[in-house]
Amino acid sequence: MDTLYIGNRLFLNSDQYPDFFAGGILVSGDDGKVTTIFDSPSEVDAYLEYNYAEVYDFGDLVVMPGLIDSHVHINEPGRTEWEGFHTATKAAAAGGFTTICDMPLNSIPPTTTMANLRTKINAARGKIFVDVAFWGGVVPGNSHELRDMIQAGVVGFKCFLCPSGVEEFQHVSEQDLHKALRAMEGSGCVLAFHAEVECSSHNHSHTRSDNPKHYQTFLQARPDQMEADAIKVVARFSQKYDVPCHIVHLSSAQALPTIREARSNGAQLTVETCHHYLSIAAEEIPDAHTEYKCCPPIRGKTNQELLWQAVCDGEIDMVVSDHSPSTATMKLLTTGKDRGNFIKAWGGISSVQFGLPVFWTNCQRYGLEIPDLVRLLCTEPAKMCGLDQVKGRLEVGYDGDICVWDPEDTFTVTHDIIEFQHKANPYMDRKLRGLVHASFIRGCPVYRQSEKFGRPQGNILMKKATRRGIKIRKID
């Protein structure tokens, strides 16, 4: 049957309804699309007098579009013990995210060929609680695969400019980039860069006497210069080719002038940063707590303030989790002489479930409100990934993906509420503001705080280019 969502604080992320209002959203029981917006309680009452629908009344909770995380490492198949589709998508749903985009590395095989893409899709079937789209990967020697993967429907491609940490996903040279960008040119498909390059000070700015359990030892081994130099390379390529380019997980504010200059010269260049860079400063990281390790690294408080300013000024387009889990053993969180060794531990932060409250907890200090949150955690990721014709808004014809939450309520991150596979994360025991009450996918409940989870109802999303733009195919 059709489903009607009513409340006093609807935010549709629509030009037609720019502010919060009381009313209702009707979602079709046939295809899960929004069919009608009722912009007053009286319109809702008039509809219900003559029609039947399943009704959810959320009162004074905020009802808004489901969020989109365009940077999530799921790792299945091959390294499912790090994270799998079932647990990653449950965590996303519990956090108000109704669409996530899976990164192409850390799974075996990586998503670098058509055959490997099919393997990924098959691994996801029947396990996903939210909709999942896929990034492809650019590695040395696979430029001939890219056009077929674009036609198959990947949201874009990711490459590394330095070693990725896994053998099966090699970093690219400038020659590889020329080949890949020539293959992608004119397709409208985005190329995302892990923007670090090895430089003279990389891994040489600490000595044997430096304690590897001190965070500053790791931070000195991964200097700003690695990012700044890499983003100069990205800027140069983004101005040479007709290919949208994207910088993932910007951590260093030193690169912002290069980004500004490239954009002023006409580059199609978007930038993301991550929740951990905006909410944690290097000075706060305790010794031996390798759950804080990631690459690029979390930097100092002064740098963090510059990142926030760039978010407020619109120079950073979106904020994502870069959810990148691994086992406690790989994070060196278990017993042994290397426990807490930042240099040797695997880098990656788990957080897909907590992006909304981590970000919202800090927003008001910087004058950001709910419309800004939706833009940074929903609208812009959808646009960058080419999903904005069906996701990111609650307008007629869009998917009825909904996040319901209380911006005033607080909670503490504890082990028992975490849905992703490995619980270690830098937000443990933190008090956060903004409690998610429910998530709906195309009108169907996927998560409710009181009842937890329904069955997995997510679809696999594959873009398909048409003469009239991009059509999203959904694979059940």
Side-chain angles (χ1 to χ4, degrees), residues 69-89 92 100-128 130-173 176-177 179-180 183-184 187 189-194 246 248-249 295 322-327 329-330 346-348 350 352 385 420-422 456 458-464 473 475-476:
D69 194 334
S70 55
H71 193 149
V72 179
H73 295 267
I74 294 178
N75 309 333
E76 184 177 0
R79 291 190 174 99
T80 311
E81 71 276 12
W82 296 15
E83 185 69 282
F85 283 104
H86 187 83
T87 48
T89 57
I100 61 176
C101 302
D102 172 70
M103 279 295 174
L105 74 158
N106 295 345
S107 59
I108 301 175
T111 317
T112 53
T113 67
M114 274 298 303
N116 294 356
L117 175 61
R118 294 188 192 101
T119 299
K120 256 288 190 187
I121 291 170
N122 288 333
R125 292 180 190 276
K127 300 176 183 177
I128 53 179
V130 301
D131 287 355
V132 177
F134 295 96
W135 288 90
V138 171
V139 294
N142 82 327
S143 59
H144 64 285
E145 293 272 1
L146 305 186
R147 278 285 177 175
D148 286 344
M149 294 175 74
I150 291 170
Q151 288 300 313
V154 295
V155 296
F157 295 93
K158 181 183 181 180
C159 68
F160 274 73
L161 300 182
C162 66
S164 70
V166 293
E167 289 182 11
E168 60 278 354
F169 201 99
Q170 296 293 315
H171 68 291
V172 294
S173 66
D176 297 319
L177 283 176
K179 291 179 180 178
M184 294 173 63
S187 68
C189 201
V190 64
L191 179 59
F193 293 81
H194 180 119
H246 180 68
V248 298
H249 48 49
C295 297
D322 188 11
H323 178 71
S324 186
S326 63
T327 64
T329 301
M330 293 189 66
W346 181 263
S350 298
V352 67
C385 292
F420 44 79
Q421 185 160 310
H422 296 286
N459 281 340
I460 295 165
L461 304 181
M462 306 300 288
K463 295 194 309 180
K464 182 178 181 181
R473 292 174 293 156
I475 304 174
D476 296 325

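From a predicted model like this one, the values you see are computed outputs, not experimental measurements.
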**OP:** Applying side chain to side chain contact (heavy atoms under 4.5 Å, CB included), run through Phe157 and Met149 and close with a yes or a no.
**Re:** CA-CA 9 Å; Phe157 295 93; Met149 294 175 74; 3.9 Å; yes
**OP:** Could you please spell out the steps behind the side chain to side chain contact (heavy atoms under 4.5 Å, CB included) verdict for Met462 and Phe134?
**Re:** CA-CA 8 Å; Met462 306 300 288; Phe134 295 96; 4.2 Å; yes
Original post:
Stepwise, does the side chain to side chain contact (heavy atoms under 4.5 Å, CB included) test hold for Val248 with Trp135?
Top reply: CA-CA 13 Å; Val248 298; Trp135 288 90; 6.0 Å; no
**OP:** Take Val190 and Val155 through the test side chain to side chain contact (heavy atoms under 4.5 Å, CB included) and record every step on the way to the result.
**Re:** CA-CA 7 Å; Val190 64; Val155 296; over 6 Å; no
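Put simply, the residue from Val139, Thr113, Ile150, Val138 that forms a side-chain contact (heavy atoms from CB on, under 4.5 Å) with Glu145 is Thr113.
Closest approach of Ser164 and Leu105 over heavy atoms only: CB-CD1, 3.9 Å. Scanning all heavy atoms of the two residues, the minimum distance from Asn116 to Pro110 falls at ND2-O, 2.8 Å. Of all the heavy atoms in Phe85 and Ala123, the pair that sits closest is CD1-O, 3.8 Å. Across Leu146 and Met184, no two heavy atoms sit closer than the pair CD1-CG, 4.1 Å. When all heavy atoms of Ala183 and Ser143 are compared, the closest pair comes out as CB-O, 3.8 Å. Annotation for Trp346 and Gly165: closest pair CZ3-O, 3.7 Å, computed over non-hydrogen atoms.
For the 3.5 Å distance criterion, the side chains of Ser173 and Asp176 qualify, holding a donor opposite an acceptor.
Considering OG1 of Thr119 and CE of Met114, their distance stands at 10.5 Å, rounded to 0.5 Å. Atom CZ of residue Arg79 and atom CD1 of residue Ile108 lie 3.5 Å apart, to the nearest 0.5 angstrom. Distance OG1/Thr111 to CD1/Ile121: 9.0 Å, rounded to 0.5 Å. The distance from the NE2 atom of His246 to the SG atom of Cys385 is 7.5 Å, given to the nearest 0.5 Å. Taken from CG in Asn75 to CG in Asn106, the straight-line distance is 5.0 Å, to the nearest 0.5 Å. The line from OG of Ser324 to CH2 of Trp82 is 7.5 Å long, rounded to the nearest 0.5 Å.
Checked against a 6.0 Å centroid threshold, the rings of Phe160 and His194 count as neighbours.
Using a 4.5 Å heavy-atom cutoff, the side chains of Val172 and Leu161 are in contact.
Under the salt bridge (Lys or Arg N to Asp or Glu O under 4.0 Å) criterion, no residue pair touches residues 148-158, with sequence neighbours excluded.
Checking side-chain atoms of Asp102 against main-chain N and O of Ile74 turns up a donor-acceptor pair under 3.5 Å. Of the possible donor and acceptor atoms, one in the side chain of Asn142 sits under 3.5 Å from a partner among the backbone N and O of Gly137. Remark: the backbone N or O of Glu167 is paired with a side-chain donor or acceptor of Gln170 at under 3.5 angstrom. Looking at Glu76, its side chain never comes within 3.5 Å of a backbone N or O of His86 through a donor-acceptor pair. Distance alone, capped at 3.5 Å, places no donor-acceptor pair between the Asp322 side chain and the His71 backbone. Put simply, the side chain of Lys120 never gets that close to the backbone of Ala115: no donor and acceptor are under 3.5 Å apart.
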